[in-house]
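Right, one structure below, let's go through it.
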Amino acid sequence: MRTGFVMECHVVIYCDGCGDIYTENTAEGICFDTVNQAVGYLNARPSCVGWIYDGDKVVCDGCQASARCTEHGHTFPERRVSLRRLTKTTHSRTCTVCGICETEVLS
């Protein structure tokens with residue numbers, strides 16, 4: 001039985017691009033016993049989860065989306081215009097891949 005303060009070693013996964021910690025449904029990272037166990041866990045996940053390990057780096061879904069947009073350009077939905085009584089208002093758009101606002105791209 002362990003009591004008091006006990007130091008334990010474990011492995012958590014961080015994105016090599018932005019430093020985000022890999023989590024599922026909580027704000028806390030998942031603890032693994034070994035690096036091999038962590039790699040096996042990531043590789044066993046469906047590709048739609050987003051985090052990948054390419055044998056060298058771990059990259060989160062956000063960094064993958066940013067890299068895709070850097071390489072291929074952003075994907076914005078059709079422009080929506082609201083007609084009000086005296087003015088015509090254009091709504092800002094966000095990229096459907098990475099989530100950046102169109103005004104940030106233009107500035």
Side-chain angles (χ1 to χ4, degrees):
M1 176 172 93
R2 295 180 184 178
T3 60
F5 295 100
V6 177
M7 179 182 267
E8 295 183 7
C9 295
H10 59 268
V11 175
V12 292
I13 303 170
Y14 288 91
C15 175
D16 283 312
C18 66
D20 278 357
I21 190 168
Y22 180 82
T23 63
E24 287 183 4
N25 304 324
T26 64
E28 295 184 23
I30 299 172
C31 298
F32 299 94
D33 294 329
T34 65
V35 172
N36 286 340
Q37 183 185 26
V39 168
Y41 184 81
L42 275 185
N43 289 337
R45 305 288 295 159
S47 60
C48 62
V49 172
W51 285 63
I52 59 167
Y53 176 66
D54 65 4
D56 181 38
K57 294 185 180 207
V58 176
V59 183
C60 72
D61 51 355
C63 287
Q64 289 178 65
S66 294
R68 186 245 173 238
C69 287
T70 299
E71 188 174 324
H72 301 287
H74 295 284
T75 304
F76 294 104
E78 292 293 320
R79 191 172 294 280
R80 292 184 325 151
V81 177
S82 294
L83 297 175
R84 306 259 168 132
R85 286 187 178 169
L86 300 174
T87 61
K88 184 167 83 172
T89 305
T90 303
H91 298 277
S92 62
R93 303 178 300 168
T94 57
C95 177
T96 57
V97 176
C98 71
I100 193 169
C101 185
E102 181 179 33
T103 56
E104 292 180 50
V105 175
L106 299 174
S107 56

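- Between Q64 and I52 the shortest side-chain heavy-atom distance falls below 4.5 Å.
- The heavy-atom pair separating C15 from C63 by the smallest distance is SG-SG, 3.7 Å.
- In this structure, the side chain of E71 does not engage the main chain of A67 through any donor-acceptor pair within 3.5 Å.
- Shown here are the side-chain contact (heavy atoms from CB on, under 4.5 Å) partners of V11, two or more places apart in sequence or in another chain: F32, V35, A38.
- The side-chain hydrogen bond (donor to acceptor under 3.5 Å, both in side chains) check on Y41 picks up E24, with sequence neighbours excluded.
- With sequence neighbours left out, N43 forms a side-chain contact (heavy atoms from CB on, under 4.5 Å) with V39, Y53.
- With values rounded to the nearest 0.5 angstrom, S66 atom OG is found 10.0 Å from D61 atom CG.
- Residues I13 and W51 meet the side-chain proximity criterion, which asks for heavy atoms closer than 4.5 Å.
- Scanning both residues, K57 and D54, for their nearest heavy atoms gives N-OD1, 2.7 Å.
- A 4.5 Å side-chain heavy-atom check between I30 and Y22 finds at least one atom pair inside the cut-off.
- The shortest non-hydrogen separation linking D56 to D16 is O-OD2, 4.3 Å.
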